[in-house]
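Keep in mind that what you see is a predicted model, and the values were worked out from it rather than measured. Atom set for the values below is all heavy atoms of this structure, side chains included, hydrogens, waters and symmetry mates excluded.
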Amino acid sequence: MTTDHKINGAGPRPSVYIHRVGPAYYRYMDRENESALSAFADVVSDGPTEAVRSPEDLAARMRGCSAILSLAGGWTDEITAGVLKSAGTIRHICIAHWGGQLVDAAKEAGIPVTEGSNANTVAVAEWTLTSALMGIRRLHIFDKMLRSGSPWGTPVDAGLLCETTVGLIGLGRIGSRCAHYFNALGARVIAYDPYCPQDRAVQMNIALVPLHELLATAVVISIHLPVTPETTGMLGAQEFSLIRDGAVFINSARSAFYNEDVLLAELKKERFSAYLDVFSQEPLPAIHPLCQLRNVILTPHIAGNNAPMYLRCGREAIETLRACFAGEGLRNLQYA
């Protein structure tokens, strides 16, 4: 059921339209987030409804609002450039989570878009850090030893992250956040990113290196790339053969960067371990060969997915809107 929330305040206030996300609304908007938004704006909310409005009805719904809060951009197919132009009053779109086609529609309509939340970035970076620590300390090995009846285990070549070289493939938002975490724990951070300026890498205390050098040098290797024609299939048998024995290979991005069968063949040699959150087939079948390997830790595409992350998405998007309306500028601008 569609709900209207009009919050009246003294003096002129901006109006914000919250587009529908179905029951997922409650992932992003608890009472605290709703109160934070209504403190500085009048709100027109479609709340938890899944009903799709006609273009005419949708434009009328938005008319008079100066901004759209899109909680999950993946739900926004019906917000076209035509709808935005027909509404006529939208001056800013803030996306809390996922971009979807809304960015393209806004670009065509000439409306700036901000992505108000780095919550997903933080969640994936924490998962990456956790995987690196578990891999370096060999927790998966000690767990299996203890469960098999060896109370103290046997000598295992575990290490310290602060004595480790970490290699990041990609220095976008998530890769950069990971670099911050690894630097804070004393690791040496190297990275491959042909689009990262040298001065930016120096500021982040990162040494830029060629891909083959990273693969052969790093003890922890983690991928943080977008899927593009350039990055698809970039890791093959030759690249995986460069990874040093005892290394920890981490992927929370996508599986399109390599042929999964090639990675599987290398992992069967048990030269290095892998922490994988993404696969060519999802959900991953229990009979998949990866599930049979003792040097592989698997999670079901949840690196960026947990309840606090969703609420933080909403909270940070609301703060981005507040800052915009207060004249503090557009943060995390995606398109203007």
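F279 pairs by the ring pair (Phe, Tyr, Trp, His ring centres under 6.0 Å) definition with nothing, not counting sequence neighbours. With sequence neighbours excluded, the residues that form a salt bridge (Lys or Arg N to Asp or Glu O under 4.0 Å) with K269 are E266. By the side-chain hydrogen bond (donor to acceptor under 3.5 Å, both in side chains) test, R147 pairs with D143, sequence neighbours left out. With sequence neighbours excluded, the residues that form a side-chain hydrogen bond (donor to acceptor under 3.5 Å, both in side chains) with D57 are R53. Take T164 and apply the side-chain hydrogen bond (donor to acceptor under 3.5 Å, both in side chains) test, not counting sequence neighbours, and it matches no residue. With sequence neighbours excluded, the residues satisfying ring pair (Phe, Tyr, Trp, His ring centres under 6.0 Å) with Y28 are H97, Y310.
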- Message: Would L171 and Y195 count as a side chain to side chain contact (heavy atoms under 4.5 Å, CB included) here? Give the steps.
- Response: CA-CA 9 Å; L171 285 175; Y195 300 101; over 6 Å; no
- Message: Could you go through C162 and L185, starting from their C-alpha distance and side-chain angles, then the distance that decides it, and tell me whether this counts as side chain to side chain contact (heavy atoms under 4.5 Å, CB included)?
- Response: CA-CA 6 Å; C162 63; L185 292 178; 5.8 Å; no
- Step-by-step side chain to side chain contact (heavy atoms under 4.5 Å, CB included) determination, N205 to V189: CA-CA 7 Å; N205 194 28; V189 182; over 6 Å; no
- Task: Determine, step by step, whether T130 and Y275 satisfy the side chain to side chain contact (heavy atoms under 4.5 Å, CB included) criterion, reporting the C-alpha distance in whole Å, the side-chain angles of both residues, the deciding distance to 0.1 Å, and the verdict.
- Result: CA-CA 10 Å; T130 301; Y275 286 71; over 6 Å; no
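Legend: salt bridge (charged side-chain N to carboxylate O under 4.0 Å, His left out) pairs involving residues 310-319, not counting sequence neighbours, sorted by first then second residue: R312-E316, E319-R322. Applying the salt bridge (charged side-chain N to carboxylate O under 4.0 Å, His left out) test to pairs two or more places apart or on separate chains, none has a residue in residues 186-200. Counting only residues at least two apart or on different chains, no salt bridge (charged side-chain N to carboxylate O under 4.0 Å, His left out) pair has a member in residues 207-228. Pairs passing the salt bridge (charged side-chain N to carboxylate O under 4.0 Å, His left out) check and including a residue from residues 151-164, sequence neighbours excluded, do not occur.
Checked by atom type and distance alone, the side chain of E126 never pairs as donor or acceptor with a backbone atom of A123 at under 3.5 Å. Although no hydrogens or angles enter the test, the distance criterion places a donor-acceptor pair under 3.5 Å between the side chain of T232 and the main chain of T228. Judged by distance alone, the side chain of T89 and the main-chain N or O of C65 form a donor-acceptor pair under 3.5 Å. Looking only at distances, a side-chain donor or acceptor of N33 sits under 3.5 Å from a matching main-chain atom of L311. A donor-acceptor contact shorter than 3.5 Å links the side chain of T231 to the backbone of P226. A distance-only check finds no donor-acceptor pair linking the side chain of T217 to the backbone of L214 [under 3.5 Å].
No side-chain heavy atom of Q281 sits less than 4.5 Å from a side-chain heavy atom of E260. Looking at heavy atoms from C-beta onward, L235 lies out of side-chain contact with L263 at the 4.5 angstrom threshold. For the pair M29/I318, a side-chain contact is recorded, criterion being any heavy-atom separation below 4.5 Å from C-beta on. Contact of the L284 side chain with the L276 side chain is not registered, since no non-hydrogen atoms from C-beta on lie closer than 4.5 Å. Within the 4.5 Å cutoff, side-chain heavy atoms of R63 are placed close to those of S86. Using a 4.5 Å cut-off on side-chain heavy atoms (C-beta onward), V122 and M309 make no contact. Under the 4.5 Å side-chain criterion, counting only non-hydrogen atoms from C-beta, E78 is not in contact with V83. Contact of the Y258 side chain with the N251 side chain is registered, since non-hydrogen atoms from C-beta on lie closer than 4.5 Å.
Hydrophobic clustering of Ile, Leu, Val, Met, Phe, Trp and Tyr side chains at less than 4.5 Å, counting indirect connections, keeps L139 apart from L160. No continuous path of hydrophobic side-chain contacts links L133 to F249 [ILVMFWY only; heavy atoms under 4.5 Å]. A single hydrophobic cluster is not seen to contain both M134 and I141; linkage of ILVMFWY side chains at heavy-atom distances under 4.5 Å, directly or through other members, places them apart. By the rule that hydrophobic residues join a cluster once side-chain heavy atoms approach within less than 4.5 Å of another member, I243 and V248 end up as members of separate clusters. Each of L215 and I250 belongs to its own hydrophobic cluster when Ile, Leu, Val, Met, Phe, Trp and Tyr are linked at side-chain heavy-atom distances under 4.5 angstrom.
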Would you list the atom pairs, donor with acceptor, under 3.5 Å between side chains in residues 289-300 and any protein atom, with sequence neighbours excluded?
from	atom 1	to	atom 2	distance (Å)
Q292	NE2	A286	O	3.4
R294	NE	E270	OE1	3.3
R294	NE	E270	OE2	3.0
R294	NH2	E270	OE1	3.1
N295	ND2	L267	O	3.0
N295	ND2	F272	O	2.8
T299	OG1	W127	NE1	3.4
T299	OG1	D277	OD1	2.6

Validation: residues 98-105 side-chain donor-acceptor distances under 3.5 Å, sequence neighbours left out:
from	atom 1	to	atom 2	distance (Å)
Q101	NE2	T76	O	2.7
Q101	NE2	I79	O	3.1

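How far SG of C313 is from CZ of R27: 11.0 Å, rounded to the nearest 0.5 Å. Interatomic distance, T320 OG1 to I95 CD1, rounded to the nearest 0.5 Å: 11.5 Å. Q198 contributes atom CD, which lies 5.0 Å from atom CG of L208 (distance to the nearest 0.5 angstrom). In this structure, CG on N118 lies 4.5 Å from CZ on R173, to the nearest 0.5 angstrom. To the nearest 0.5 Å, atoms OH (Y17) and OG (S70) are separated by 9.5 Å. Atoms CD1 and CD1, on I68 and I90 in that order, are 4.0 Å from each other to the nearest 0.5 Å.
Within 6.0 Å of CD on E282 lie more than 12 heavy atoms contributed by other residues, nucleotides or ligands. Summarising the local packing, CZ of R138 is surrounded by more than 12 heavy atoms from other residues, nucleotides or ligands at distances under 6.0 Å.
Closest heavy-atom contact between I206 and A179: CD1-CB, 3.4 Å. The two residues S252 and H224 make their nearest non-hydrogen contact at OG-CE1, 3.9 Å. The two residues R137 and G159 come nearest to each other via the heavy atoms CD-O, 2.9 Å. Between A41 and R13 the shortest heavy-atom distance is O-NH2, 2.8 Å. Of all non-hydrogen atoms in H140 and S273, the two that sit nearest each other are NE2-CB, 4.1 Å. Nearest heavy atoms, E50 versus P23: OE2-CD, 3.3 Å.
Q238 and H212 are not linked by any side-chain donor-acceptor pair at a separation below 3.5 angstrom, with hydrogens and angles left out of the test. Between the side chains of Y25 and D46, not a single donor N or O lies within less than 3.5 Å of an accepting N or O.
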